[in-house]
Amino acid sequence: MRFARTFILPAVLACSFGLTSNAMAQQASQFEKIGDWEIMQLRSNGKVVACETFRIVGTEKGIFFRHDREKSVIGFSDLASAASPYPIDVKMWFDDDPSSSQTYAMENFKDQNSFEWRALLLSNDEPWGEMDLFANASTVHFSYDTGHGPHQASFALKNTNKVTKRTIACVQ
């Protein structure tokens, strides 16, 4: 899978990243590759603004992680996950313990390639157990309504401990 290394963010996303309209052009370059995860570093005017990575496991099915100075993003893509432009309720749990699930209003989030992920946005100004679980659990599960009934997506979290650490370090 190849993507253009330079792109223009829509004005709405530019505002959410704190960029001015004059600084909307960003460049993406590979920072590191860990297994089947490729960490991309995003720069604006030579300054690192974010790093993100994803792992595709099927047709439009994958897992996503992003880190910038303000927030971290855990996201996924699967059957009709991005069909609604509005936040949807998604139950998320780790390993094989659905009794520990939490329900989140997950938003659509476009990555640097404009691919839409269903995402949990976590502020970096407080600790989140979800980040630790994402880095250290063996699987993550998402359960949501596709509009045609319930659906569950599950992803192995192979190499995520190293991937999350290196993605965060990429921004530093």
Side-chain angles (χ1 to χ4, degrees), residues 1-58 60-78 81-82 87 90 92 94 104-140 142 153 155-172:
M1 190 180 283
R2 289 199 152 226
F3 298 104
R5 297 293 189 208
T6 303
F7 64 99
I8 303 295
L9 284 173
V12 172
L13 283 177
C15 292
S16 70
F17 293 130
L19 301 174
T20 65
S21 59
N22 295 334
M24 287 181 17
Q26 289 190 346
Q27 296 77 38
S29 59
Q30 184 178 6
F31 177 75
E32 189 171 347
K33 188 163 176 60
I34 301 170
D36 49 359
W37 296 84
E38 182 179 24
I39 302 171
M40 300 301 292
Q41 188 174 67
L42 310 175
R43 293 178 173 267
S44 180
N45 295 325
K47 182 180 176 186
V48 176
V49 294
C51 291
E52 60 187 33
T53 187
F54 63 88
R55 184 169 54 87
I56 299 296
V57 297
E60 294 191 18
K61 182 175 181 167
I63 188 89
F64 173 77
F65 179 71
R66 178 188 170 100
H67 181 79
D68 62 37
R69 297 195 193 309
E70 290 81 38
K71 67 186 167 307
S72 294
V73 179
I74 296 171
F76 73 98
S77 175
D78 198 17
S81 62
V90 177
M92 182 173 78
F94 294 89
Y104 304 94
M106 290 192 175
E107 304 176 27
N108 267 358
F109 185 89
K110 288 187 181 183
D111 68 11
Q112 56 106 3
N113 297 307
S114 296
F115 186 84
E116 290 187 30
W117 301 90
R118 186 57 59 179
L120 174 63
L121 282 61
L122 303 167
S123 170
N124 290 338
D125 61 0
E126 54 186 282
W128 293 95
E130 292 84 346
M131 289 289 295
D132 289 335
L133 287 165
F134 185 77
N136 296 303
S138 60
T139 57
V140 61
F142 302 95
F155 300 91
L157 296 176
K158 183 180 177 184
N159 293 324
T160 55
N161 187 290
K162 187 173 183 179
V163 167
T164 55
K165 286 178 183 175
R166 294 301 297 150
T167 303
I168 291 168
C170 169
V171 175
Q172 309 306 327

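We use all heavy atoms of the structure for the numbers below, so side chains are in, but hydrogens, waters and symmetry mates are not. Since this is a predicted model, take the numbers as computed values, not measurements.
Using a distance-only test at 3.5 Å, with no hydrogens or angles considered, a donor-acceptor pair links the side chain of S77 to the main chain of E60. In this structure a side-chain-to-backbone donor-acceptor pair under 3.5 Å is present from Q41 to C170. When atom types are taken as modelled, the side chain of D111 and the backbone of N113 share a donor-acceptor pair closer than 3.5 angstrom. No donor-acceptor distance shorter than 3.5 angstrom exists from the side chain of D68 to the backbone of V171, with no hydrogens or angles considered. A side-chain donor-acceptor contact under 3.5 Å links R118 to the backbone of M106. T53 places a side-chain N or O within 3.5 Å of a backbone atom of E38 that can act as its donor or acceptor partner.
F31 has its side chain within reach of R166: a pair of non-hydrogen atoms, C-beta onward, lies under 4.5 Å apart. Residues V163 and E32 are not in side-chain contact: their nearest non-hydrogen atoms beyond the backbone lie 4.5 Å or more apart. Inter-residue side-chain proximity for D132 and F94 is flagged as unmet; no heavy-atom pair is nearer than 4.5 Å. Annotation: side chain of I63 is not in contact with side chain of V57 (no heavy-atom distance under 4.5 Å). Two residues are said to be in side-chain contact when any heavy atoms from C-beta on lie closer than 4.5 Å; H67 and N124 meet this criterion. Side-chain contact between F76 and V90 is present, with heavy atoms from C-beta onward closer than 4.5 Å.
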Stepwise side chain to side chain contact (heavy atoms under 4.5 Å, CB included) test for M92 and L133: CA-CA 11 Å; M92 182 173 78; L133 287 165; over 6 Å; no
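With sequence neighbours left out, the salt bridge (Lys or Arg N to Asp or Glu O under 4.0 Å) criterion links E107 to no other residue. Among residues two or more places apart in sequence or in another chain, the side chain to side chain contact (heavy atoms under 4.5 Å, CB included) test is passed with K165 by N161.
The line from CG of D36 to CG of N159 is 7.0 Å long, rounded to the nearest 0.5 Å. In this structure, OG1 in T164 is found 9.5 Å from CG in L157, a value given to the nearest 0.5 Å. With values rounded to the nearest 0.5 angstrom, F54 atom CZ is found 15.0 Å from F65 atom CZ.
The aromatic rings of F64 and F109 sit tilted, their planes meeting at an angle between 30° and 60°.
Remark: K158 NZ is loosely packed, at most 12 non-hydrogen atoms of other residues, nucleotides or ligands lying under 6.0 Å away.
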